[in-house]
Asker: 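I have a structure here, written as C-alpha cells, and I will follow up with some questions on it.
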Amino acid sequence: MDEVAMPAPEQAPPQPVASAPVAGPRTVLFDFDGVITVDDTFARFMRERYAGVGRKLLLLPVVPWLLLVWPFSWRLGVRTLVHVGLLGVGERRYRELALDFASRLVRRPRQFQRDALLVLRRHQAGGDRVIVVTGCERTLARGLLDELGLPEIELLASELVPRWPGMRVKRHNVGRRKLQSLAEAGVSAWQRAYGDSVLDIPMLKAAAEPVLVNASPKLCKLVEKALGRSIERVAWY
C-alpha cells in the first residue's frame, strides 16, 4: 500500500531531532514491506483482488481518468485502483479477506526476511520497545504479525474506513506521515530504525542509528545525502 496517495495533513508533524544512543532499553522502529516482508504486501493483496475478470471489468469506466492523472500523480492513480478493487467490500468483509490473505501468505515459502525476524526478536529479548511503522494497511499487517507469532508488537499502519460503496483510504502511513503517527502515539524519539526506501528517510533521519535493509548502492548514496551522514547497511534474507 506504499504507493497510495493521501491528502497532505493540515499541519506538518513535528520533525524529531536525531536522538543520541542510550544505554539499556531503546525504542526501535521497523518498516514492514521490504524489511520484514520481501514484497509490498498490500499490493499483493490488491493484485489478488484483480485476479478475476469481473473486477477488471469494473476498472474499465475509470481507465480514462487513470490515463489523465497518471502522468501528474501516479499516487492518485494507485489510490483509484485501491478504491475500485474494494468496491462493494464492507468493513467486516474486508477484515475477513485481509486475515484470510495473511493466513495464506505466511504459509508460502520465502515471503519474509528470516534475518529481520531474528533481529526483531533480539531487540525484544533485550527489552527494547519495538514498533512496526508501515504503509501497509493495519488489519492486514496486524494479521501477518499475529500469524508470525508477534501479537505483542506495537503497530502504526495505514488505515481504511468504511464508506459507500466500499472501503476507502483514511490514512496512508508513509514518508512524513509516519512521523505524524509516531507523534500521535506519544513517541517523540527513537534510537534505531530499519528502512528500505527513500520513503523511510524522515523516520531514518530522526534515528541515532539508521539502518538500510537490502539497499542498492544508488539508494544508499541517495539516503546518505539526505541524512547528511553515513548509514548502516544490512543484507537480510
Side-chain angles (χ1 to χ4, degrees), residues 1-16 29-37 39-50 59 62 65-66 68-87 89-91 94-95 97-99 101-102 105 131-145 153-187 190 193-206 213 223 226:
M1 194 169 176
D2 283 350
E3 299 173 344
V4 183
M6 286 296 299
E10 294 181 1
Q11 275 190 323
Q15 176 66 55
L29 309 183
F30 280 77
D31 184 29
F32 191 63
D33 295 322
V35 173
I36 294 175
T37 71
D39 203 356
D40 186 322
T41 311
F42 191 77
R44 276 182 168 235
F45 173 79
M46 291 307 302
R47 284 197 293 270
E48 187 172 286
R49 291 291 301 159
Y50 279 103
L59 194 59
V62 301
W65 163 255
L66 291 172
L68 177 66
V69 302
W70 205 277
F72 306 100
S73 176
W74 58 267
R75 294 188 178 193
L76 183 56
V78 171
R79 183 184 182 188
T80 301
L81 292 174
V82 170
H83 289 172
V84 174
L86 296 177
L87 195 67
V89 178
E91 186 173 18
Y94 173 75
R95 179 175 178 81
L97 291 169
L99 295 182
F101 181 83
L105 188 65
I131 309 173
V132 170
V133 190
T134 178
C136 184
E137 190 280 322
R138 182 175 56 185
T139 301
L140 180 55
R142 182 78 270 164
L144 286 166
L145 290 172
I153 289 293
E154 294 182 64
L155 174 66
L156 299 174
S158 294
E159 299 177 19
L160 298 174
V161 63
R163 292 283 187 268
W164 187 90
M167 301 297 287
R168 292 291 183 267
V169 177
K170 177 182 179 183
R171 176 195 290 258
H172 190 211
N173 197 48
V174 297
R176 290 182 60 80
R177 283 271 181 163
K178 290 188 175 183
L179 302 186
Q180 183 179 8
S181 296
L182 287 158
E184 290 172 358
V187 182
W190 45 95
Y194 298 90
D196 75 309
S197 78
V198 294
L199 292 174
D200 295 319
I201 286 175
M203 180 178 78
L204 294 171
K205 192 172 185 177
V213 178
V223 172

Asker: Are more than 12 heavy atoms, taken from residues, nucleotides or ligands other than E91, located less than 6.0 Å from that residue's CD atom?
Answerer: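 12 or below, so no.
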Asker: Does some side-chain heavy atom of I131 sit less than 4.5 Å from a side-chain heavy atom of L155?
Answerer: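 Side chain of L155 against side chain of I131, heavy atoms only: no contact under 4.5 Å found.
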Asker: Please report the closest heavy-atom contact between S181 and N173, naming both atoms and the distance.
Answerer: OG-OD1, 2.5 Å
Asker: Within the structure provided, determine whether L199 and D31 are in side-chain contact (heavy-atom separation under 4.5 Å).
Answerer: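 Side chain of L199 against side chain of D31, heavy atoms only: no contact under 4.5 Å found.
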Asker: Between T41 and C136, which heavy-atom pair has the shortest distance, and what is it?
Answerer: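 Distance-wise, the nearest heavy atoms are CB-SG, 4.0 Å.
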Asker: At what distance, to the nearest 0.5 angstrom, does NZ of K178 lie from NE2 of H172?
Answerer: 9.0 Å
Asker: Could you tell me whether the side chain of R171 reaches within less than 4.5 Å of the side chain of R177, counting heavy atoms only?
Answerer: yes
Asker: Could you tell me which non-hydrogen atom of G143 sits nearest to which non-hydrogen atom of A102, and how far apart they are?
Answerer: C-CB, 3.8 Å
Asker: Among residues at least two apart in sequence or on other chains, which ones pass side chain to side chain contact (heavy atoms under 4.5 Å, CB included) with R44?
Answerer: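 If we apply the side chain to side chain contact (heavy atoms under 4.5 Å, CB included) test to R44, skipping adjacent residues, the hits are D39, R47, F101, L105, R108, Q111.
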Asker: Using only atom types and a distance under 3.5 Å, with no angle test, would you say the side chain of Y50 pairs donor to acceptor with the backbone of L81?
Answerer: yes
Asker: Could you tell me if the side chain of F45 sits less than 4.5 Å from the side chain of E137, heavy atoms only?
Answerer: no
Asker: Side chains of D200 and V223: closer than 4.5 Å at any heavy-atom pair?
Answerer: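 SC-SC contact between D200 and V223 ruled out.
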Asker: Looking at every heavy atom in both H83 and M167, which two are closest together, and how far apart are they?
Answerer: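 Shortest heavy-atom contact: CD2-O, 4.1 Å.
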Asker: For R142, I'd like to know if atom CZ has over 12 heavy atoms of other residues, nucleotides or ligands within 6.0 Å.
Answerer: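 Correct, the count exceeds 12.
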Asker: Taking the side chain as every heavy atom from C-beta outward, state whether L156 and V132 have any pair of such atoms under 4.5 Å apart.
Answerer: no
Asker: May I ask you to check whether F42 and F32 place their ring centres under 6.0 Å from each other?
Answerer: no
Asker: Evaluate the side-chain proximity of L97 to R49: yes if any heavy-atom separation is below 4.5 Å, no if none is.
Answerer: yes
Asker: Using side-chain heavy atoms (C-beta onward) and a distance below 4.5 Å, is I153 in contact with F30?
Answerer: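 Answer no - side chains too far apart.
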Asker: Within this structure, what is the CG-OG1 distance for the pair D33 and T134, rounded to the nearest 0.5 Å?
Answerer: 4.5 Å
Asker: Of all the heavy-atom pairs spanning I201 and A226, show the shortest one and how long it is.
Answerer: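 Taking I201 first and A226 second, the nearest heavy atoms are CD1-CB, 3.7 Å.
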Asker: Against V82, only a single residue in V84, T80, L86 fulfils side chain to side chain contact (heavy atoms under 4.5 Å, CB included); can you say which?
Answerer: L86
Asker: Nearest 0.5 Å, please: how far is CG in L87 from CZ in R168?
Answerer: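 Reported value, rounded in 0.5 Å steps: 6.5 Å.
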Asker: Over all heavy atoms of both residues, which pair between T139 and A98 is shortest? Give the atoms and the distance, please.
Answerer: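 Closest heavy-atom pair between T139 and A98: CG2-CB, 4.0 Å.
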Asker: I need the E154 CD to L29 CG distance, nearest 0.5 Å.
Answerer: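 Nearest 0.5 Å value for the CD-CG distance: 10.0 Å.
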Asker: Decide yes or no on side-chain contact (heavy atoms from CB on, under 4.5 Å) for R163 and V161, but give the supporting numbers first.
Answerer: CA-CA 6 Å; R163 292 283 187 268; V161 63; 3.2 Å; yes
